[in-house]
Amino acid sequence: MTTKHPIGAFIIVDDDLDLRLAAAQKLEIPTAQILAPPKNRRGVDDVKILQEKFAKANVKITTVFCGFEGESYTDIPTVQETVGLVPLETRFSRFDEAKAISAFAAELGVAVTALHLGFIPEKNDVAAYRDIVEITQQLCDYCKQNGQRLHLETGQETAESLFQFIRDVDRENLAVNFDPANMILYGSGEPIPALKMLAGHVKSVHCKDAKWAVNPGKEWGEEVILGDGDVNMELFLKTLKEISYVGPLTIEREISGEQQIKDIEKSVALLQRLRSEIWGE
Ligand code: MG
């Protein structure tokens with residue numbers, strides 16, 4: 001790979017994996033973040049099959065994302081109730097699951113485990129905040145044993161809150177997967193200033209675009225094809241250069257089927273053009 005900013009795609013490992021990999025190979029996408037397959041498909045044989053399939057398609061897996069049973073992104077209040085390690089009823093079973101996914105990622109030879117932590121409680125809610133700091137520390141320490149970093153997906157918090165949280169967790173292998181569209185979708189702040197604030201903590205990114213909701217933070221914004229939203233992809237990539245970001249540019253398009261592949265194809269072309277203009281790569 002001659003570029004320090006290889007293009008990537010977010011790939012779900014399911015029965016359509018072969019189709020997704022064929023599309024990635026056709027578009028010459030060299031890297032991917034994957035969503036961890038379910039528990040019963042993370043055995044030794046599954047690891048071997050996945051490694052072979054990705055190698056055959058010339059796609060390197062850079063990150064394994066955790067997804068948990070019972071999570072729902074229907075609307076913002078539902079995310080608060082159901083996503084990540086924050087909801088108490090499922091916290092400890094999901095903590096075990098996240099560790100199992102980290103171990104699976106290690107078997108695959110992947111150096112990053114990532115997740116949506118959920119809506120981190122306000123810092124003045126002292127006990128609740130401390131509990132999330134502690135469980136994140138434990139998860140970071142577990143990932144470290146596996147030679148990995150833990151990346152937190154942005155979206156639920158303002159950049160200030162996330163920055164403070166990272167300081168409080170105080171683990172060198174904790175970093176950010178910066179998704180500029182999520183800042184807009186959740187209404188948690190302008191993405192470019194957020195990226196500048198989190199700067200050195202950003203170790204992976206999603207190239208995703210979105211339009212602001214009429215009432216940001218109360219209702220979802222709208223995810224759109226890369227380049228058509230309010231992120232300003234050119235400024236996003238220029239800012240990545242400014243903060244000396246090195247790492248993949250992972251396209252995330254949260255729709256499915258033929259249209260997803262078409263949109264990814266256009267996104268690849270846009271990113272290649274901007275990458276060449278901005279980094280000369
Ligand atoms: Mg994302």
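Residue numbers start at 1 and run along the sequence shown. Both ligands and their constituent atoms are indexed starting at 1 by order of listing. Quick caveat, the model's predicted, so the values are computed rather than measured. Hydrogens, waters and symmetry mates play no part in the numbers below; they use all other heavy atoms, side chains included.
Within E153, the N/O/S atom positioned nearest the Mg ion (ligand 1) carries the name OE2.
Surrounding NZ of K144 are at most 12 heavy atoms belonging to other residues, nucleotides or ligands under 6.0 Å away.
Annotation: angle subtended at the Mg ion (ligand 1) by H206 ND1 and D179 OD2 is 100°, to 10°.
Note on E252: counted as a metal contact of the Mg ion (ligand 1), an N/O/S atom lying under 2.8 Å.
Both I192 and L249 are part of a single hydrophobic cluster, where members link through side-chain heavy atoms under 4.5 Å apart.
Ring pair F10/F65: centre-to-centre distance below 6.0 Å.
Between L17 and I11, the closest side-chain pair of non-hydrogen atoms falls below 4.5 Å.
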